[in-house]
Amino acid sequence: MLPGADLKKRVFARVFLGCALVLLAGVLLHYKLPTLAYYWVQTTASADEWRSRSVWLPDYRVRIEARPIEGVSANVSGLTFNRQSGTLFAVINHPAQIVELDTRGRLLRRITVVGAEDLEGISHVRDDDFILADERRQQLYHIRLGAGQTLVDLAQSARFELGIDLNGNRGFEGVSWDGAQQRLFVVKEKKPLRILAISGLSALYQGKRFDVQVKEWRPVPRNALFLKDLSSITLHEETGNLFLLSDESALVAEYNEQGRLLSMLPMWPGLHGLRGRVPRAEGIAIGPDGSLYIVSEPNLFYRFEREVGPQ
């Protein structure tokens, strides 16, 4: 081989390797994989401490994977479990609707919502009371939704607006009611990521003397919130722990009330029994038996259950 040709080959190999390393570094930073790996090791090391005092996501395996919700074609988002009815409620942003599902993801009821622009979150409060979140408007609505009802008019509903960090389609993505402390958790998708705890709302919409407080909930340490976005939130009543769902990270993270990261559930192929990545996770809820439910756009339903013993 000619010396010149050999030199070109070596230069090309070095340039190719350099580009590959740059690309790999970009991927690692984009998905925050070094931080994820650090907390993965840290939470795994705390298994003996927290496994019996938390939901403990590493023990979960998928039981229903990517089942299309019949009767829903697109835009499913937000999810909440109604312990009174034993059913799930999700929202659809276009056209604005609420859908009721059974625990296997089958459509039971469709409710038209009048006056909404971009529904993204829903949370059951008690009895027939629900909270809806409109992302673009950054507004929260208190609604009453009785059995058999098929229409909700937001013009007749109490409303709470919080115009913080207004930037279009990066507003309220998820809501969850904390019955024990009578407060509402609200997550903002990104730019920046925010988790707000709002108390005093029930007195406000009931026309009573109110004391509304809005506080930002933060993990400890701050960089423990390493998710790329926040697409939904749910509070587990039995433990008081918060569960954050990230579409872009394809991850569920469990935090205790003090903000400590306890466990994680990556929704990636080969983990937790998944055959494929959960594509666009938009809603999360937990049932009283501990079953974990996720809805993913356009119309996919997932159910995870805790399995005792080695995975």
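Throughout, numbering of the chain's residues begins at 1 and tracks the sequence. All of these numbers come straight from a predicted model, not from anything done at the bench.
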Enquirer: Whether the side chain of S249 engages the backbone of L251 through a donor-acceptor N/O pair (distance < 3.5 Å, no angle test) should be reported.
Expert: no

Enquirer: Answer yes if W268 and L227 sit in the same cluster of Ile, Leu, Val, Met, Phe, Trp and Tyr residues linked by side chain heavy atoms under 4.5 Å apart, and no otherwise.
Expert: yes

Enquirer: Taking R275 first and then E65, would you say they form a salt bridge - that is, a charged N and a carboxylate O separated by under 4.0 Å?
Expert: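 Salt bridge between R275 and E65, a charged N being under 4.0 Å from a carboxylate O: yes.
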
Enquirer: Kindly indicate, with the supporting measurements, whether the criterion salt bridge (charged side-chain N to carboxylate O under 4.0 Å, His left out) is fulfilled by E173 and K191.
Expert: CA-CA 13 Å; E173 272 286 322; K191 297 183 179 180; over 6 Å; no

Enquirer: Looking at R194 and E189, is there a salt bridge between them, counting it only when a charged N and a carboxylate O are closer than 4.0 Å?
Expert: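 Judged by the 4.0 Å cut-off on N to carboxylate O distance, E189 and R194 do not form a salt bridge.
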
Enquirer: Determine yes or no for a side-chain-to-main-chain donor-acceptor pair under 3.5 angstrom, with N299 supplying the side chain and A74 the backbone.
Expert: no

Enquirer: Are W177 and F185 an aromatic pair by the rule of ring centers under 6.0 Å?
Expert: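 Ring-ring flag for W177/F185: false, centres at least 6.0 Å apart.
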
Enquirer: Hydrogens and angles aside, do E120 and N93 bring a side-chain donor and acceptor to less than 3.5 Å of each other?
Expert: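 Side chains of E120 and N93: pair found under 3.5 Å.
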
Enquirer: Counting distance only, does the side-chain N/O of D178 pair as donor-acceptor with the main-chain N or O of A180 below 3.5 Å?
Expert: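 Checking the backbone N and O of A180 against the side chain of D178, a donor-acceptor pair under 3.5 Å is found.
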
Enquirer: Check the side chains of E257 and Q181 for a donor-acceptor pair under 3.5 angstrom, ignoring hydrogens and angles.
Expert: yes

Enquirer: What heavy-atom pair brings A281 and M267 nearest, and what distance separates the two atoms?
Expert: CB-CE, 3.9 Å

Enquirer: Are the aromatic rings of H124 and F130 close, with centres under 6.0 Å apart?
Expert: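 Distance test on ring centres: under 6.0 Å, yes.
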
Enquirer: Please find the pair of heavy atoms, one from L88 and one from A285, that lie closest to each other, and give the distance.
Expert: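 Nearest heavy atoms, L88 then A285: CD2-CB, 4.0 Å.
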
Enquirer: Ignoring hydrogens and angles, tell me if any N or O in the side chain of K188 forms a donor-acceptor pair with the backbone of K190 under 3.5 Å.
Expert: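 Such a contact is found between K188 side chain and K190 backbone.
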
Enquirer: Donor-acceptor pair, R104 side chain versus R106 backbone, under 3.5 Å?
Expert: no

Enquirer: When rounded to the nearest 0.5 angstrom, what distance separates CG in N241 from CG in L262?
Expert: 5.5 Å

Enquirer: If we count only N and O atoms by modelled type, under 3.5 Å, do the side chains of E100 and T87 hold a donor and an acceptor together?
Expert: yes

Enquirer: Quick one: do L245 and Y60 end up in the same hydrophobic cluster if we chain Ile, Leu, Val, Met, Phe, Trp and Tyr together by side-chain heavy atoms under 4.5 Å apart?
Expert: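 Yes, it is one cluster - the side chains of L245 and Y60 are joined through contacts under 4.5 Å.
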
Enquirer: Does CD in E70 sit with more than 12 non-hydrogen atoms of other residues, nucleotides or ligands closer than 6.0 Å?
Expert: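 At most 12 heavy atoms, drawn from other residues, nucleotides or ligands, come within 6.0 Å of this atom.
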
Enquirer: Looking only at the side chains, is there a donor atom on one of D211 and Q213 sitting less than 3.5 Å from an acceptor on the other?
Expert: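 Per modelled atom types, D211 and Q213 side chains form a pair under 3.5 Å.
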
Enquirer: Donor-acceptor pair, distance only, cut-off 3.5 Å: does the side chain of Y255 make one with the backbone of A224?
Expert: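 Yes; at least one donor-acceptor contact below 3.5 Å.
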
Enquirer: Any ion pair linking R280 and D247 (charged N to carboxylate O, less than 4.0 Å)?
Expert: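 Answer for the salt bridge query: no.
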
Enquirer: Using a distance-only test with no angle check, is there a side-chain donor-acceptor pair under 3.5 angstrom linking S291 and R306?
Expert: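 Looking only at side-chain atoms, R306 and S291 do not form any donor-acceptor pair under 3.5 Å.
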
Enquirer: Is it the case that the side chain of R53 and the backbone of E49 share a donor-acceptor pair, with hydrogens and angles ignored and the cut-off at 3.5 Å?
Expert: yes

Enquirer: Testing the 3.5 Å rule here: is there a donor-acceptor pair between the side chains of E254 and S263?
Expert: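 Result is yes, a qualifying pair exists.
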
Enquirer: Closer than 3.5 angstrom, by distance alone: can the side chain of D134 be matched with the main-chain N or O of Q138 as a donor-acceptor pair?
Expert: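 Not confirmed, D134 side chain does not pair with Q138 backbone.
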
Enquirer: Do you know the tightest heavy-atom contact between T80 and S123?
Expert: OG1-CA, 3.5 Å

Enquirer: Looking at Q97 and R110, what are the two nearest heavy atoms and their distance?
Expert: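 Residues Q97 and R110, closest heavy atoms: OE1-NH1, 3.1 Å.
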
Enquirer: If I compare all heavy atoms of I131 with all of L184, which pair ends up nearest, and what's the gap?
Expert: CG2-CD2, 3.8 Å

Enquirer: Once you measure the plane-to-plane angle for F301 and Y293, does it fall in the parallel (<30°), tilted (30-60°) or perpendicular (>60°) bin?
Expert: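 Tilted, since the angle between the ring planes falls between 30° and 60°.
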
Enquirer: Is there side-chain contact between L57 and F304, with heavy atoms separated by less than 4.5 Å?
Expert: no

Enquirer: For the residue pair P288 and F81, what are the closest heavy atoms and their distance?
Expert: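 Shortest heavy-atom contact: CD-CE2, 3.3 Å.
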
Enquirer: Would you mind reporting whether L145 and F89 have side-chain heavy atoms less than 4.5 Å apart?
Expert: yes

